[in-house]
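Worth saying up front: this structure is predicted, and the values here are computed from it rather than measured.
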Amino acid sequence: MIAVSGALALAYTLALFWFCHENGSLRGDDILYFADARRRPFLDFVAEQMDVHAVPLHRAATYLVPHLGRPDYGALLVVMVAVHALGVWLLYRALQAFAPNPGNAFATFWYASFVEMGVIFLWWTSALHRLPYVALSALSLYAYARFRREHSPAWAACVVASVIGALGFFEKGVITAMMLGAIEAALFFETDPRDRRKNWLLVGGLAIVCCVHFAIWRSAVGSSWSSVAVAPLLGTYMLASYHLLLSGTVGRVTEWRWPALALWTLLVAVTIRRAPRTSLLWVAGFFVVSASLLTTGLSVPRLQTWGMLLPYYSHRYYADVMFDVVVFFALVWQRAFPSGAWALRGRKSRWLSASSAIMAMTALALVSIKSSFKLMRETYGETRAAKRYIDNVVAGMERLKTAPHPPAFVDGSVPIYLNPIGGETARKSVLLYALGYHAKFYEPRVARRRRGLYSITDSGEIQSNRR
């Protein structure tokens, strides 16, 4: 099972890699932050919040990119896929650390083939939040499983350090700590009374870490976070978010909400009948997943700006939530089917179960890859045009590098497909500076009175304006 799920996960990831490599490029936020990192000192850059995020490790990694060379989407894509692969491997190891089970391979594949994953690969700044966060969350889950068995201070320290690391990339590290606490609560009756105190001391330590981080975060981002201001919208937001998450668990080509709901209802009913205490894990999983979805709904500026369009068009919000879904699914499965298909009676039943799992994974991979390509095009629009634009700019600037003086350009806005939001990141001067090129820039009104300037066309071609 592990060989088949690994091969299918690899094939799915390579397909996403191919699509992103052929169509992806740096985006508006990437350009802005790389340009900002070039002009500011390291500590000053790292200490500043980013939008509603206070994430020093994310800022530090962002700072390093333009200082290691010219930012290149292809190289960044390799990094993103490598971090994703690390997270997938750590997830499998963590599930196996709780209880070896063939179902762990299926659960890991389920996360690795999630339909929203390609949307994350297409945006470096967004991926740098979520992919390291998931990898560190998986590491904390593995260390937590080892700690529950061995109660070693080293494993406890690993849990705390990995949660702190997750917080450094994404505030949802708080959800990781919450997940571990929810698992501990759900496994209360399975835990030796002599071990409960040690386990809860670790969970309490994580709670203290999260409270300290939360206080620092609130002081950094100010009043941009508030649950009161958006309370009337939260119910509708949560319903829409669960709608999309449900449909995404079985791939999404058309509307898959009802088939997904039927699948989950059957799964919950069967597992509770086989192992009644799994109901505690299902409740804990629902609590954690709801909390993870809620964190986005509590981001006042975004929800007030986009309203109910936010859950439908912000597909990048769901991959890390799917990580939580998979973890609780696997823990439930381990208890309902301790030996996987071998828990079934009869050789034919076991063979049929294993064959069905393989066919289900294959079908899910095919549906997810088709859905992913569609979602990436819908979410980011003319991705290939944006890639062509930056490739042309780089090629043109490389030809001008031999000039004795920095070239002078007519400044202006980049095409909307490169940055649909606009603002400072939509400036050609910011783009070239982020890519590491030095040039002089003049506003179009001033440029009319000067000679010897270059301009950048709407396709990224650099042409001389000499008359």
Side-chain angles (χ1 to χ4, degrees), residues 4-27 30 73-74 76-88 91 106-131 133-135 240-257 259-260 263 296 310-326 359-387 417 420:
V4 174
S5 62
L8 288 172
L10 178 62
Y12 179 80
T13 304
L14 289 176
L16 293 184
F17 179 89
W18 169 81
F19 182 93
C20 294
H21 187 270
E22 294 299 311
N23 296 275
S25 65
L26 300 177
R27 296 185 56 76
D30 306 333
Y73 174 78
L76 296 178
L77 178 61
V78 172
V79 173
M80 287 187 275
V81 171
V83 175
H84 170 64
L86 176 63
V88 170
L91 172 60
F106 181 90
T108 304
F109 166 78
W110 203 353
Y111 167 73
S113 64
F114 186 52
V115 67
E116 318 283 3
M117 205 62 68
V119 173
I120 294 179
F121 289 160
L122 274 176
W123 188 358
W124 163 257
T125 299
S126 178
L128 192 57
H129 280 300
R130 291 162 176 84
L131 297 177
Y133 156 72
V134 167
S241 296
Y242 259 108
H243 180 139
L244 291 177
L245 184 64
L246 272 173
S247 62
T249 57
V250 289
R252 185 160 63 241
V253 177
T254 56
E255 192 52 69
W256 288 88
R257 179 188 179 187
L263 171 67
T296 304
L310 180 68
Y312 287 104
Y313 288 100
S314 300
H315 297 291
R316 66 187 185 278
Y317 294 153
Y318 297 95
D320 53 87
V321 183
M322 186 61 183
F323 172 82
D324 301 327
V325 171
V326 163
M359 287 189 292
M361 287 191 292
T362 304
L364 180 61
L366 294 174
V367 171
S368 289
I369 198 64
K370 183 175 181 180
S371 301
S372 293
F373 289 172
K374 180 182 178 183
L375 279 176
M376 286 188 280
R377 291 189 180 99
E378 290 177 351
T379 304
Y380 296 125
E382 300 180 67
T383 54
R384 183 164 292 187
K387 173 182 173 61
Y417 53 71

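- Between the CG atom in Leu26 and the CG atom in Leu76 there is a gap of 6.5 Å [rounded to 0.5 Å].
- No hydrogens or angles considered: nothing links the side chains of Tyr317 and Ser241 as a donor-acceptor pair under 3.5 Å.
- Residues Asn23 and Met376 have side chains not in contact (no heavy-atom distance under 4.5 Å, counting atoms from C-beta outward).
- Between Val367 and Val250, the closest side-chain pair of non-hydrogen atoms is not below 4.5 Å.
- Here the straight-line distance linking atom OH of Tyr73 with atom SG of Cys20 works out to 4.0 Å at 0.5 Å rounding.
- Ring planes of Phe19 and Phe373: parallel class, angle under 30° (limits at 30 and 60°).
- Residues Ala15 and Ile369 approach most closely at CB-CD1, 3.4 Å, considering heavy atoms.
- Proximity of Met322 to Glu116: side-chain heavy atoms (C-beta onward) are nowhere separated by under 4.5 Å.
- Atom-to-atom distance recorded for Tyr318:OH and Tyr242:OH is 11.5 Å, nearest 0.5 angstrom.
- In this structure, OH in Tyr133 is found 14.5 Å from CG in Leu128, a value given to the nearest 0.5 Å.
- Between Val115 and Ser368, the shortest heavy-atom contact is CG2-O, 3.9 Å.
- Considering all non-hydrogen atoms of both residues, Gly24 and Leu122 come closest at CA-CD2, 3.5 Å.
- Across Phe109 and Ser5, no two heavy atoms sit closer than the pair CD1-O, 3.7 Å.
- Ring geometry, His21 versus Phe17: the interplanar angle falls under 30°, so the pair is classed parallel (tilted spans 30 to 60°).
- When every heavy atom of His84 is checked against every heavy atom of Ala112, the shortest pair comes out as NE2-O, 4.0 Å.
- The closest side-chain heavy-atom distance from Trp124 to Met80 is below 4.5 Å.
- With rounding to the nearest 0.5 angstrom, the CG atom of Leu131 is 8.5 Å from the OG atom of Ser126.
- Here Leu245 contributes atom CG and Phe114 contributes atom CZ; the two are 5.5 Å apart, rounded to the nearest 0.5 Å.
- The side-chain heavy atoms of Val81 and Leu16, taken from C-beta on, include no pair separated by under 4.5 Å.
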Task: side-chain contact (heavy atoms from CB on, under 4.5 Å) between Met361 and Phe106, intermediate numbers included - done: CA-CA 7 Å; Met361 287 191 292; Phe106 181 90; 3.3 Å; yes
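- Counting heavy atoms from C-beta outward, Val325 and Tyr111 have side chains that stay 4.5 Å or more apart.
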